[in-house]
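In what follows, chains carry the letters A, B, and so on, assigned in the order in which the sequence lines appear, proteins first and then strands, with residues in each chain numbered from 1.
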There are 2 protein chains.
Amino acid sequence: MTGILYGVGVGPGDPELMTLKAHRVISGAKVIAYPAPDSGESFARSIAAEAIASDAIEIPMIVPMRVERFPAQDVYAASAEVIAKHLSAGENVVVLCEGDPFFYGSFMYLFARLADIFPTEIIPGVSSLGACSAALRRPLTARNDVLTVIPGPLPDEDMRAKIESAEAIAIMKVGRHLPRIRALLDEMGMTENAGYIERASLGEQTVLPLADAPESAPYFSMILIYKGDDPWLTL
Amino acid sequence: MTGILYGVGVGPGDPELMTLKAHRVISGAKVIAYPAPDSGESFARSIAAEAIASDAIEIPMIVPMRVERFPAQDVYAASAEVIAKHLSAGENVVVLCEGDPFFYGSFMYLFARLADIFPTEIIPGVSSLGACSAALRRPLTARNDVLTVIPGPLPDEDMRAKIESAEAIAIMKVGRHLPRIRALLDEMGMTENAGYIERASLGEQTVLPLADAPESAPYFSMILIYKGDDPWLTL
């Protein structure tokens with residue numbers, strides 16, 4: 001009997017936004033893996049910390065946190081090997097994922113290597129989309145809106161076309177692209193419908209009209225734009 | 001002191017996909033409101049049922065479940081009045097929302113009427129996007145994909161343009177539009193990359209390649225399309 005591989009979404013940051021299922025599976029885990037930066041704390045682990053057993057075996061997957069860099073496949077290949085050993089020995093392995101495992105998540109690199117070999121279960125989590133719209137206090141989408149989710153690195157021309165053709169827009173992973181994106185939205189006359197959110201659901205959460213956003217943004221920041229005509233959707 | 005209005009996402013269907021926070025707030029609630037059909041059970045209430053105190057006051061907001069029909073604003077106006085009375089009397093009111101309150105949620109109609117008057121907190125939930133991609137066992141989005149979420153009722157011409165310009169596509173609220181959408185995707189050569197999901201995360205969940213989907217679909221069904229080129233992302 002091999003163990004089960006769990007890809008567990010731990011939500012956007014507030015530990016109370018973990019699901020009951022995530023909490024149960026993490027609490028019972030004897031082997032836990034998570035992405036971690038080369039220096040400092042793992043964000044995914046910090047969200048789940050209270051639930052992790054003190055004698056759990058921990059496997060940090062250390063991926064250098066260079067913005068824009070393609071995740072180091074070597075790290076995931078090596079981690080998959082370590083995880084496979086535990087699974088082969090009959091131990092379940094819980095992989096902690098920020099937000100939702102399959103929404104821009106690096107868990108896919110483990111899933112690609114292991115899900116054909118070992119029983120694998122995905123536990124969805126609250127994504128940053130939900131946390132950011134809650135923080136902004138404005139619906140993300142209503143009725144028959146089209147929502148487009150755009151990664152911050154997308155070039156201006158493409159980004160402009162996507163923004164023009166949707167009612168609701170979320171720009172993710174804003175980070176160092178903030179000045180460029182802000183200039184584009186200004187030019188498009190969209191600034192007054194745009195909200196800026198940093199570290200949604202955490203104690204140090206920041207929510208601002210885009211016009212008041214800081215010059216530099218962390219990787220975990222988002223811009224939400226709503227082009228619908230409901231008066232209560234205006235910031 | 002007035003009470004607090006809570007818009008609480010209860011997730012996609014599996015009660016264990018409620019967040020710890022949702023569970024805590026629902027368990028402690030003395031007044032609970034939720035959308036309900038004119039006959040049969042409220043889906044949102046059924047998800048949270050185990051957490052609801054037996055002596056809680058319940059306010060079903062009965063909205064006729066006609067597909068496509070604009071939600072009856074009269075119902076929300078009347079419900080908002082009832083809820084306002086409890087809030088004015090100092091009682092918190094918890095409104096149960098399927099999935100996430102601000103992701104195509106009818107909670108916005110209460111929020112619009114009450115959030116300027118009473119302290120209001122939104123508790124985000126796991127959306128059907130996360131539940132459906134987990135059920136399909138395929139990432140919803142990877143790396144720098146653009147994701148577009150399209151409501152099923154969107155006309156063919158618009159839908160075609162949206163599908164052409166994104167890497168990842170989720171078509172929500174498929175329901176009676178399934179035959180039309182399937183014909184469009186066939187014509188676009190997209191059928192083999194499309195998955196069909198019904199009642200994600202529930203016991204009676206159905207997951208099929210789109211080609212094998214049934215003729216008629218329930219309202220809570222979704223089609224996920226992935227146009228990326230990673231081999232493990234092909235169904």
Between Arg24(B), His23(B), Met172(B), which has the largest tally of heavy atom pairs under 4.5 Å with chain A?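 Most pairs with chain A among the choices: Arg24(B).
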Quick one: of Phe102(B), Phe107(B), Phe103(B), who has the most non-hydrogen atom pairs under 4.5 Å with chain A?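 Going by pairs under 4.5 Å, I would pick Phe102(B).
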Inspect the surroundings of CD in Glu157(A) and state if more than 12 heavy atoms from other residues, nucleotides or ligands are less than 6.0 Å away.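 No, CD of Glu157(A) has 12 or fewer neighbouring heavy atoms, counting only those of other groups under 6.0 Å.
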With a sphere of 6.0 Å drawn around CD of Glu164(B), does it hold more than 12 non-hydrogen atoms of other residues, nucleotides or ligands?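 Correct, the count exceeds 12.
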Does any non-hydrogen side-chain atom of [Y] lie less than 4.5 Å from one of [X]?
X: Asn144(A); Y: Leu154(B); value: no
X: Thr148(B); Y: Leu147(A); value: no
X: Thr141(A); Y: Val149(B); value: no

Search all heavy atoms of [X] against all heavy atoms of [Y] and return the closest pair with its distance.
X: Leu20(A); Y: Pro15(B); answer: CD1-O, 3.7 Å
X: Pro124(A); Y: Ala134(B); answer: CD-CB, 4.1 Å
X: Val126(A); Y: Gly125(B); answer: CG2-C, 3.6 Å
X: Arg143(A); Y: Tyr104(B); answer: O-CD2, 3.2 Å

Residue-level contacts of residues 114-123 of chain B with chain A, using a heavy-atom cutoff under 4.5 Å: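 Counting heavy atoms that sit under 4.5 Å from chain A, the residues of residues 114-123 of chain B involved are Ala115(B), Thr120(B), Ile122(B), Ile123(B).
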Under a 4.5 Å heavy-atom cut-off, does chain B meet the side chain of Ser127(A), its backbone, both or neither?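 Ser127(A) has no heavy atom closer than 4.5 Å to chain B.
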Give, for atom NZ of Lys162(A) and atom NZ of Lys162(B), the distance between the pair rounded to the nearest 0.5 Å.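 Answer for the NZ-NZ pair, Lys162(A) versus Lys162(B), is 10.0 Å.
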Rounded to the nearest 0.5 Å, how far apart are CG of Leu140(B) and CG of Asp100(A)?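 Between atom CG of Leu140(B) and atom CG of Asp100(A) there are 7.5 Å.
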Does any backbone or side-chain atom of Pro12(B) lie under 4.5 Å from a heavy atom of chain A? Answer side chain, backbone, both or neither.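 No part of it gets close to chain A.
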Measuring heavy-atom distances to chain A, does Asp14(B) have an atom under 4.5 Å in its side chain, in its backbone, in both, or in neither?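 The side chain, not the backbone.
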